[in-house]
2 protein chains.
Amino acid sequence: MDLSPVRLDALFQALGDPTRRALIHRLAAGPATVSDLARPFDMTLPSFLLHIRKLEASGLVLTSKDGRTRTVTLVPGAFTPVRTWLDDQRDLWEARLDRLETFVTDTPKGPRT
Amino acid sequence: MDLSPVRLDALFQALGDPTRRALIHRLAAGPATVSDLARPFDMTLPSFLLHIRKLEASGLVLTSKDGRTRTVTLVPGAFTPVRTWLDDQRDLWEARLDRLETFVTDTPKGPRT
DNA sequence: ATAACAGTTAGGCAACGCCCTAACTATCGT
DNA sequence: ACGATAGTTAGGGCGTTGCCTAACTGTTAT
């Protein structure tokens, strides 16, 4: 799993936009063409395209063109780096809580060694 | 749990920067002052401050000033909205896979009802 | 062959992001 | 009181983001 800062930057930034999150949400139901995806959004196609491009650049989505239509597909495990990072932070936090707990428990009266 | 787009935007965008992620990582070990936090980074204080402000605005972090020092504290469950959104997407995806599976399994020969 | 269609490129614009320097305020230590 | 310290404000540079319109390419349907 790629946890390089660059990759995480791209992922988090790609997900930091409501249009793109809605797109991801939609794509969970299955692949679709650019125009079909664009229909619900109040936006011109060129603008919309940029969102697709950004999702593609982040690796969340794959696109392929056959004939004159481009089909966009969600990449299944694409946000596991995000999940992994989040889990790491939580683990760190909980490790700290454990340490605090140990401190409190093992120190009946006088702290400071 | 607040899952409003605005909140998620702020969270994802706050996490879409390596400096800020490093900051979160550091803060998991416990609260610290602005200068202490800034020390490892090759950046002027005013620039650094903006990162703190952005984290604060996203709700990931709380700050309080006593005397002339400002202390920054990680907000424990602050990225659960992010987790929740991620989980929702995964659930959606798996629901779809289940549907596909059912289709394949329940359709020995002739598809199309 | 020609019109409609799906997507793309080019160019422009306002807002924002991330960095800087310089100068300032408010506290703390002596 | 005075200098050092911690943080803040003001202002600017420069690239990026997110939107637009207009014009274009390539593909399909009649």
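It should be emphasised that the depicted structure is a prediction, and the values quoted were computed from it without experimental measurement. The figures that follow rest on heavy atoms only: side chains count, while hydrogens, waters and symmetry mates do not. Throughout, protein chains are lettered first and strands after them, A, B, ... in sequence-line order, and every chain is numbered starting at 1.
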Might you list the N or O atoms of the protein lying below 3.5 Å from N or O atoms in nucleotides 12-14 of chain D, with each pair's distance?
none

Residue pairs passing the salt bridge (charged side-chain N to carboxylate O under 4.0 Å, His left out) test where at least one lies in residues 37-65 of chain A, sequence neighbours excluded: Asp36(A)-Arg39(A), Arg53(A)-Glu56(A)
Lys65(A) side-chain N/O to dA6(C) phosphate OP1/OP2 under 4.0 Å: no
Closest to the Lys54(B) side chain, choosing from dA6(D), dG18(D), dG17(C): dG17(C)
Given dG18(D), dT8(C), dT8(D), the nucleotide with the shortest approach to the side chain of Arg70(A): dT8(C)
Give the rounded distance in Å between these two atoms: [atom1] of [X] and [atom2] of [N].
| X | N | atom1 | atom2 | answer |
| --- | --- | --- | --- | --- |
| Asp36(B) | dT5(D) | CG | C1' | 12 Å |
| Leu49(B) | dC18(C) | CG | P | 14 Å |
| Arg53(A) | dT17(D) | CZ | C1' | 17 Å |
| Leu37(B) | dA6(D) | CG | C1' | 13 Å |

Test item: Ser47(A) side-chain N/O and Met43(A) main-chain N/O as donor-acceptor pair under 3.5 Å: no
Check: Val34(A) main-chain N/O paired with Arg70(A) side-chain donor or acceptor under 3.5 Å: no
Arg96(A) charged N/C atom sitting above Trp93(A) aromatic ring, 6.0 Å / 45°: yes
Base versus backbone protein contacts along nucleotides 19-30 of chain C [heavy-atom cut-off under 4.0 Å; B, S, -]: BBBB----BS--
Sequence neighbours excluded, every pair satisfying side chain to side chain donor-acceptor pair (under 3.5 Å) that has a member inside residues 21-32 of chain B: Asp9(A)-Arg21(B)
Contacts of Arg7(A) that satisfy salt bridge (Lys or Arg N to Asp or Glu O under 4.0 Å) - sequence neighbours left out: none
Of all pairs that satisfy ring-ring contact (aromatic ring centres under 6.0 Å, His included), the ones with a partner from residues 43-81 of chain B, not counting sequence neighbours: Phe41(B)-Phe48(B)
Residues Arg83(B) and Asp87(A) bridged, charged N to O under 4.0 Å: yes
